[in-house]
Amino acid sequence: MELAAIEDLIESHIEDADATVSRPRTVDQDHEDDHYAAVVVSPAFEGKSLVQQHQLVYDALGDHMTTDIHAMELKTYTPEEYAARGE
C-alpha cells in the first residue's frame with residue numbers, strides 16, 4: 001500500500017488530522033513487507049487515552065489492517081503535545 005494512501009485514509013477519517021506515514025525498516029524485496037510507522041496529530045485525540053487514540057487510527061484504516069497492512073507503529077499527539085516536542 002502506498003504511504004500517501006495510508007495518510008489519506010487517516011486524514012479523511014479523523015478530524016483535522018495530519019498524518020505522516022513511513023516504513024520503519026528497509027523493505028525486503030524477497031518477502032512481503034507491510035510494516036509501517038505513522039505519526040498522527042489531531043485535536044480529536046484531546047481527552048482520549050492512548051488506547052482510544054490508536055483505536056481511532058485503526059478504525060480509519062479499517063479492513064486495510066487485515067489485508068494490506070501487517071503492522072503499524074503509531075505515535076499519536078494532540079497539536080499541543082506535538083508542539084511541545086519542538087518538532
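Source: prediction; values computed, not measured. Below, each value reflects all heavy atoms present in this structure, side chains not excepted, and no hydrogens, waters or symmetry copies.
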Visitor: Looking only at non-hydrogen atoms, find the nearest pair between Ile14 and Ala44 and report the distance.
Guide: CG2-CB, 3.9 Å
Visitor: If you compare all heavy atoms of Leu50 against all heavy atoms of Thr76, which two are closest, and at what distance to 0.1 Å?
Guide: CD1-OG1, 3.6 Å
Visitor: Side-chain contact test, heavy atoms from C-beta onward, threshold under 4.5 Å: evaluate it for Tyr36 versus Glu73 and give yes or no.
Guide: no
Visitor: Can you name the closest pair of heavy atoms from Pro79 and Pro43 and give their distance?
Guide: CD-N, 3.6 Å
Visitor: How close do Pro24 and Ala37 get, counting heavy atoms only, and between which atoms?
Guide: CD-N, 3.7 Å
Visitor: With Asp68, which residues qualify under side chain to side chain donor-acceptor pair (under 3.5 Å), at least two apart?
Guide: His64
Visitor: If the condition is side chain to side chain contact (heavy atoms under 4.5 Å, CB included), which residues does Ser49 pass it with, not counting sequence neighbours?
Guide: Val51, Gln52
Visitor: With Leu61, which residues qualify under side chain to side chain contact (heavy atoms under 4.5 Å, CB included), at least two apart?
Guide: Ile6, Leu9, Ile10, Val57, Met65, Ile69, Met72
Visitor: Among residues at least two apart in sequence or on other chains, which ones pass side chain to side chain donor-acceptor pair (under 3.5 Å) with Glu7?
Guide: none
Visitor: Listed by chain and number, what are the side chain to side chain contact (heavy atoms under 4.5 Å, CB included) partners of Glu2, not counting sequence neighbours?
Guide: Ala5
Visitor: Does any non-hydrogen side-chain atom of Phe45 lie less than 4.5 Å from one of Glu81?
Guide: no
Visitor: Asp18 versus Glu11: any side-chain heavy-atom pair under 4.5 Å?
Guide: yes
Visitor: According to side chain to side chain donor-acceptor pair (under 3.5 Å), who are the partners of Gln55, at least two apart in sequence or on a separate chain?
Guide: Asp59
Visitor: For Glu80 versus Glu46, what's the shortest heavy-atom pair and its separation?
Guide: OE1-OE1, 3.6 Å
Visitor: Tell me if a side-chain donor or acceptor on Gln53 pairs with a main-chain N or O of Lys48 at a distance below 3.5 Å.
Guide: yes
